[in-house]
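The chains referred to below are lettered A, B, ... by the order of the sequence lines, with proteins before strands, and numbering in each begins at 1. If you're wondering where the values come from, they're calculated on a predicted model, not measured in any experiment.
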Number of protein chains: 2
Amino acid sequence: MFKAVAELGYRPNNVARNLRVRRTNVIALVVADIQNPYFSAVGKAVQDLAYSYGMQVILCNTDEDLEKEQQYLDVLKADNAAGIIIAPTHQSTESFRYLAELQLPTVVIDRSFRDIDIVLSMDNVVIDNRAAAAALGVHILGRNRKRIAGIFGYGSTTGRERYEGVMDAHKQMGVLPEEDLFRFVAAKEPVGYEACVELLERPDPPDALVASNGLLAAGAYRALKELKVDIPTQLAFGSFDDTLWTPMVSPSVTVVRQPTTEIGRVAVELLLKRIQDPELEGSETVLKSELVVRDST
Amino acid sequence: MFKAVAELGYRPNNVARNLRVRRTNVIALVVADIQNPYFSAVGKAVQDLAYSYGMQVILCNTDEDLEKEQQYLDVLKADNAAGIIIAPTHQSTESFRYLAELQLPTVVIDRSFRDIDIVLSMDNVVIDNRAAAAALGVHILGRNRKRIAGIFGYGSTTGRERYEGVMDAHKQMGVLPEEDLFRFVAAKEPVGYEACVELLERPDPPDALVASNGLLAAGAYRALKELKVDIPTQLAFGSFDDTLWTPMVSPSVTVVRQPTTEIGRVAVELLLKRIQDPELEGSETVLKSELVVRDST
DNA sequence: GTGAAAGCGCTAACAC
DNA sequence: GTGTTAGCGCTTTCAC
C-alpha cells in the first residue's frame, strides 16, 4: 500500500496542507548576523533540535537594522510561521509592541525585555550577563590591574548589562572605574579593531581590556597583535564568547563561555510549548555562563 | 487607501497565495554544517542576496548524513520550495538521481558533478580545487620541504581534487609523494586534531602538513600547538579556507582563500534564472581562489 | 473598468 | 468503517 503510493509517485503538498490546517512547521531564527560565532552556535542547536521535532528553520539576518527586521517579521507573519526565535535589534517598548502585535509565538534570546513596560506573552532566554561580566572584571582586577578599558556592543541590553557587571567588579574590588575608557560600538570585527587601536594610542593607555562579544574580541585581539602589545604583562585581555580561535592564539584568551547549545535547546522547547498553547504567560530563563581562565589575563 | 488597508489590520496570507500560484519564495540551503566557516560565509551571502530578491532562506544541516539529506529534500519538495542550493553529501550517480527526481531548480555548490554519467539540469559552482591545491603544494615544496603530509575531507569530490592537486605539485617539483602520509577523514575539528597527532607521532614525521578545509585546519593547528611543533621551521603548515583565526594565530597560517561571497552570489543568481526557466541546460562555473602566504610556511 | 466564481490540494466534518 | 463535501484565502478567469 505504501509501496503503491510511492510507485505512483505521489508527493504530498504541504502548502495546501498548511492552508487547510492553518499552521506551518516553519520556525524563524531572526538574528543580527549568522556569521557571529555566538549566533551560528545557537543556530546550529536550534536547527538540530527543530529537525528532531520535524520543523524547518528559516534564517533571517537583520544586520541590526530595525527596518530589515520588521520587514522580515511582516513576511514571517504573512507566511504564517509557526513561531519566532529572535534576538531583537532594539529593545524598546516600541519595537516590542511591533513584535507582539504579530501575534506569533515568540521566544527572545540574548537580549532582555525585563524592563519593557508592557505585558509580553513571550519567553526570554538569556544568561547572567551582569554577574558574568562582574566575575570577569573581578578576575582581572585581582590580577593587579588598575585601569580596565572596555568595548561593548551598542544598542543591546546585553552590552549594557555587561558594562554594569564590570562596574560592579570595580565597586567590589574597591577600584575606581575610569569612565572614558569604555566604548559602546557596533558589534563588528573591524569596529572592535578601531576601538582597540584608539584606546591603546591614548597618552595613558589602560592595563586591561574587556570585549563584550566574540566579534569585538576578534577585532581587538587583531589590533593588540598588530600593535605588538605584550599580553598579559602590558595589558590583560578578556572577552565574552568562547570561539574556535580563543584557545588557539598565543596567548590564549580568557573568556566567558556562553552555553550556546543550551540556549538554542531551551529556546526551541519553550517555543514549541508556546505554539501548543499561545496563551501561556511570559517567562524568563537565565542560564549560567562560565569563566574560562587562560593565558591572556 | 494603503493606509486604510493597514488600519483595518489586513495581513496577507502567503500560504494561500503560494497554493494558488503554485510556487513559494523559499529557497533552501542544504549543507553539512552551518558552523563550518566556509558554509556560514556562503550562507551569509546567499541569505543577503536572497533577501534583496524578496526570497526566504531555509537552512538544512545534513551532518554529511545521506539519509538526513534525503529526508530534508523530501520535505522541501513537499513544501514546494522554489529552489535548492546544496553541497551534496555523496556525489554518486544514485544520490544525484534522487536529487534530480525531485524536479526542483537546483544549484550544486562546493562539490562537482562533472563525472556523473547522467544528464543533470543543474548548475554547479565550484572553485579550481585542483589548481589551488597544486599552487599551495608548489609553494610549500618551494620552501624546501620533501615530505608533505595531508588531511583531506572524506567523501567529497572536493577533498579528492585537492589531494590530486597536491600530487600535481609533487610531479611539477620533481618530488616523490609519500602515499602513507595522506589521510581522508570526516571534516570535523576533533578529527583533524586526531589525524594530525597520529601523523606527527610517526617515527618519521613529515616536514609539512596540508589541511583541506577550515575545520580540519583548526583541529590540526590545535594539535601542532599542543605538541609544541615549531612552525614553520620544523613543519610548514597550509590549509584551505581563510577564517577569522588564520591571520590571528602565531604563526599566522598560509591559506587558499575561497571566494565565499562570490560563490553565494553566483549560486543565487543561477538559481533564480533556473527558477524562471527550469528547462535550462546544466552549467558549471569555476571560480578562482587565492593563495594567501603567511608565516606558517 | 468592476465583480462574481472557480479552483489550487488538502483535511475535517458529516453522511452513509 | 468508507465516501463525499465544504472550505482554508488567495489569484485568475470570465462575464458584465
Quiz item: Between CD of Gln56(B) and SG of Cys60(A), what distance do you get to the nearest 0.5 Å?
Solution: 5.5 Å

Quiz item: Are the side chain of Ser121(B) and the backbone N or O of Glu281(B) linked by a donor-acceptor pair below 3.5 Å?
Solution: no

Quiz prompt | N-O pairing of Asp63(B) and Lys44(A) below 4.0 Å | solution = yes

Exercise. Measure up the Tyr72(A) and Tyr51(B) rings against each other and bin them: parallel (under 30°), tilted (30 to 60°), perpendicular (over 60°).
Key: tilted

Practice problem: Could you note down all residue pairs passing salt bridge (charged side-chain N to carboxylate O under 4.0 Å, His left out) where residues 267-277 of chain A supplies at least one of them, sequence neighbours left out? | Solution: Asp123(A)-Arg274(A), Arg265(A)-Glu269(A)

Practice problem: Using a heavy-atom cut-off of under 4.0 Å over every strand shown, decide if Arg11(A) touches base, sugar-phosphate, or nothing. | Solution: sugar-phosphate

Quiz item: Taking 5' to 3' order, which nucleotide of DNA chain C is first and which is last to have an atom within less than 4.0 Å of a heavy atom in chain B?
Solution: dG7(C) to dG9(C)

Quiz prompt | Row check, Phe240(B) ring normal vs Arg162(B) NZ/CZ: under 6.0 Å, within 45° | solution = yes

Quiz item: Would Arg257(B) and Asp241(B) pass as an ion pair if we require N to O under 4.0 Å?
Solution: no

Quiz item: If only atom types and distance count, is the side chain of Asn14(B) paired as donor or acceptor with the main-chain N or O of Arg17(B) below 3.5 Å?
Solution: no

Quiz prompt | Strand contacts (DNA chain D) in residues 13-20 of chain B, 4.0 angstrom heavy-atom criterion | solution = Asn13(B), Ala16(B), Arg17(B), Arg20(B)

Quiz item: For DNA chain D, which nucleotides open and close the run of contacts to chain A, 5' to 3', at under 4.0 angstrom from a non-hydrogen atom?
Solution: dG7(D) to dG9(D)

Quiz item: With a 4.5 Å heavy-atom cut-off, do Thr93(A) and Ile118(A) have their side chains touching?
Solution: yes

Quiz item: Are the charged groups of Arg11(B) and Glu101(A) less than 4.0 angstrom apart, N to O?
Solution: no

Quiz item: Within 45 degrees of the axis of the six-membered ring of Tyr163(B) and under 6.0 Å from its centre: does Arg130(B) put its NZ or CZ there?
Solution: no

Self-check item: Pairs flagged by salt bridge (charged side-chain N to carboxylate O under 4.0 Å, His left out) wherever residues 20-42 of chain A is involved - sequence neighbours left out
Solution: none

Quiz item: In residues 71-81 of chain A, which ones come under 4.0 Å of DNA chain D, going by heavy atoms?
Solution: none

